[in-house]
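In what follows, every heavy atom counts, from backbone to side chain, and hydrogens, waters and symmetry copies are set aside.
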Amino acid sequence: MPERYQKKIITAHQLPLADFKVGVDNVIFSVDTMQNRLLVLLVMRQQEPFLNSWSLPGTLVRQGESLEDAAYRILAEKIRAKNLYLEQLYTFGGPERDPREACDSFGVRYLSVSYFALVRFEEAELIADKVTGIAWYPVKQVPQLAFDHNQILAYGHRRLRNKLEYSPVAFDVLPDMFTLNDLYQLYTTVLGEGFSDYSNFRARLLKLGFLCDTGIKVSRGAGRPASLYRFNAEAFAPFKDKPLVFI
């Protein structure tokens, strides 16, 4: 073990045990395929610390409430959406990440257990009741946020990009039946248009065999009717956790 870590352990044994409050912060992404934008939901804080600053939607966990229930409570208070993906992201607990720690004479530490969620922009309805500041921000244009929320957002963005490359997360937010172009537009919005051209993307997916053609076609615009597909989770199982399945 490196000497610097040995010194930290010895020092830690000399410190009193920390008292913690646990919060949950949600990185709620939405995919706007019409304008090719990846958005994140921000709320304006109505109290100190960081009064009138933008932040991720968050809450302190209540008595008898699980972390996941707290995360879903945040979602239910901020948006309505039919199809949604939610996953625990990471625990952020560095000392002095919250200014309230310095003001608390009892030495309370504030942990943030973060989650990330993904919805389709056109299906996500914002709930403005009792909230004066709530907005979708393009991920590339996010301002300086309260606490360490820029760091949490960056971590969530990396996780989302990675998840899309090896997991079926996209199918949790798409309707039950979708076109291949619907799927492609979701991927290009998050990963960028350079990740794959449509022809290769289409050929790769159909060859893998976990999309089922429903036999139903839909007309959109002047082009040829497009086939509607369903995701087959059982057929996808052999590909689970294998990177770059879709590319």
Side-chain angles (χ1 to χ4, degrees), residues 4-5 7-30 39-81 84-119 124 126-137 139 142-160 162-163:
R4 66 179 183 276
Y5 289 113
K7 290 181 179 179
K8 285 183 178 180
I9 292 172
I10 293 172
T11 302
H13 281 304
Q14 299 169 349
L15 297 174
L17 295 177
D19 185 16
F20 289 99
K21 287 189 177 180
V22 179
V24 167
D25 293 303
N26 280 4
V27 188
I28 306 172
F29 293 110
S30 70
L39 308 170
V40 64
L41 187 64
L42 300 181
V43 295
M44 186 167 286
R45 287 186 56 80
Q46 306 298 309
Q47 60 188 19
E48 295 288 358
F50 299 105
L51 177 66
N52 296 326
S53 293
W54 289 104
S55 70
L56 299 172
T59 184
L60 290 175
V61 179
R62 296 173 177 172
Q63 288 283 352
E65 184 179 44
S66 71
L67 294 172
E68 188 172 279
D69 285 345
Y72 275 112
R73 174 164 58 84
I74 297 170
L75 286 166
E77 291 172 352
K78 300 295 184 290
I79 63 172
R80 298 185 185 94
L84 179 145
Y85 178 83
L86 179 72
E87 177 183 303
Q88 190 174 126
L89 181 63
Y90 193 73
T91 298
F92 293 82
E96 301 179 359
R97 62 169 297 276
D98 191 312
R100 287 171 291 191
E101 294 179 5
C103 302
D104 198 310
S105 59
F106 295 100
V108 174
R109 293 268 303 279
Y110 287 78
L111 295 181
S112 172
V113 180
S114 57
Y115 284 75
F116 85 91
L118 181 65
V119 297
L126 293 185
I127 300 173
D129 298 345
K130 301 180 182 179
V131 179
T132 57
I134 181 170
W136 291 111
Y137 262 80
V139 169
V142 168
Q144 182 62 44
L145 303 178
F147 306 104
D148 52 358
H149 288 187
N150 289 91
Q151 179 186 356
I152 296 175
L153 170 58
Y155 196 99
H157 190 198
R158 289 195 299 272
R159 173 71 67 82
L160 173 61
N162 290 338
K163 291 287 291 188

* Which atom names give the shortest non-hydrogen contact between G58 and D25, and what distance separates them? -> CA-OD1, 3.4 Å
* Carefully, step by step, assess H157 and F29 under the rule side chain to side chain contact (heavy atoms under 4.5 Å, CB included). => CA-CA 9 Å; H157 190 198; F29 293 110; 4.2 Å; yes
* Structure fact -> By side-chain contact (heavy atoms from CB on, under 4.5 Å), F20 pairs with (sequence neighbours left out) A18, R109, L111
* Evaluation steps, side chain to side chain contact (heavy atoms under 4.5 Å, CB included), between W54 and Y137 -> CA-CA 10 Å; W54 289 104; Y137 262 80; 3.5 Å; yes
* To do: Could I get the full list of salt bridge (Lys or Arg N to Asp or Glu O under 4.0 Å) partners for R73, not counting sequence neighbours?
  => E65, E77
* **Gap between atom CD1 of I74 and atom CG of D69 - 0.5 Å precision** => 11.5 Å
* **Interatomic spacing from NZ in K21 to OG in S112 - rounded to 0.5 Å** => 15.0 Å
* Asked: So does Y90 have more than 12 non-hydrogen atoms from other groups sitting under 6.0 Å from OH?
  -> no
* Which atom of T59 lies closest to which atom of A70, heavy atoms considered -> CG2-O, 4.2 Å
* Which residues satisfy the side-chain contact (heavy atoms from CB on, under 4.5 Å) test with A154, sequence neighbours excluded? -> R158
* To do: Name all residues meeting the salt bridge (Lys or Arg N to Asp or Glu O under 4.0 Å) criterion together with D98; count only those two or more places apart in sequence or in a different chain, and write none if there are none.
  => R100
* Reported CZ-to-CG distance for the pair R159 and L118, which is rounded to 0.5 angstrom -> 13.5 Å
* Structure fact -> The reported gap from CG in L126 to NZ in K78 (rounded to nearest 0.5 angstrom) is 10.5 Å
* Asked: Does any N or O in the side chain of N26 come within less than 3.5 Å of the main-chain N or O of A71, such that one atom is a donor and the other an acceptor?
  -> yes
* Tell me, please, which residues at least two apart from Y155 pass side chain to side chain donor-acceptor pair (under 3.5 Å). => none
* Partner set under side-chain contact (heavy atoms from CB on, under 4.5 Å) for S55, not counting sequence neighbours -> V43, R45, A146, H149
* Asked: Considering only heavy atoms from C-beta outward, does the side chain of I28 approach that of W136 to under 4.5 Å?
  -> yes
* Does F147 reach the side chain of S53, with side-chain heavy atoms less than 4.5 Å apart? -> no
* Asked: Rounded to the nearest 0.5 Å, what separation is found between the CG atom of L42 and the CG atom of L56?
  -> 6.5 Å
* Asked: Atom CG of L75 and atom CG of L41: how far apart are they, to the nearest 0.5 Å?
  -> 9.0 Å
* To do: Start with the C-alpha gap between I152 and L145, add the side-chain angles, then the distance that decides, and say whether side chain to side chain contact (heavy atoms under 4.5 Å, CB included) holds.
  => CA-CA 10 Å; I152 296 175; L145 303 178; over 6 Å; no
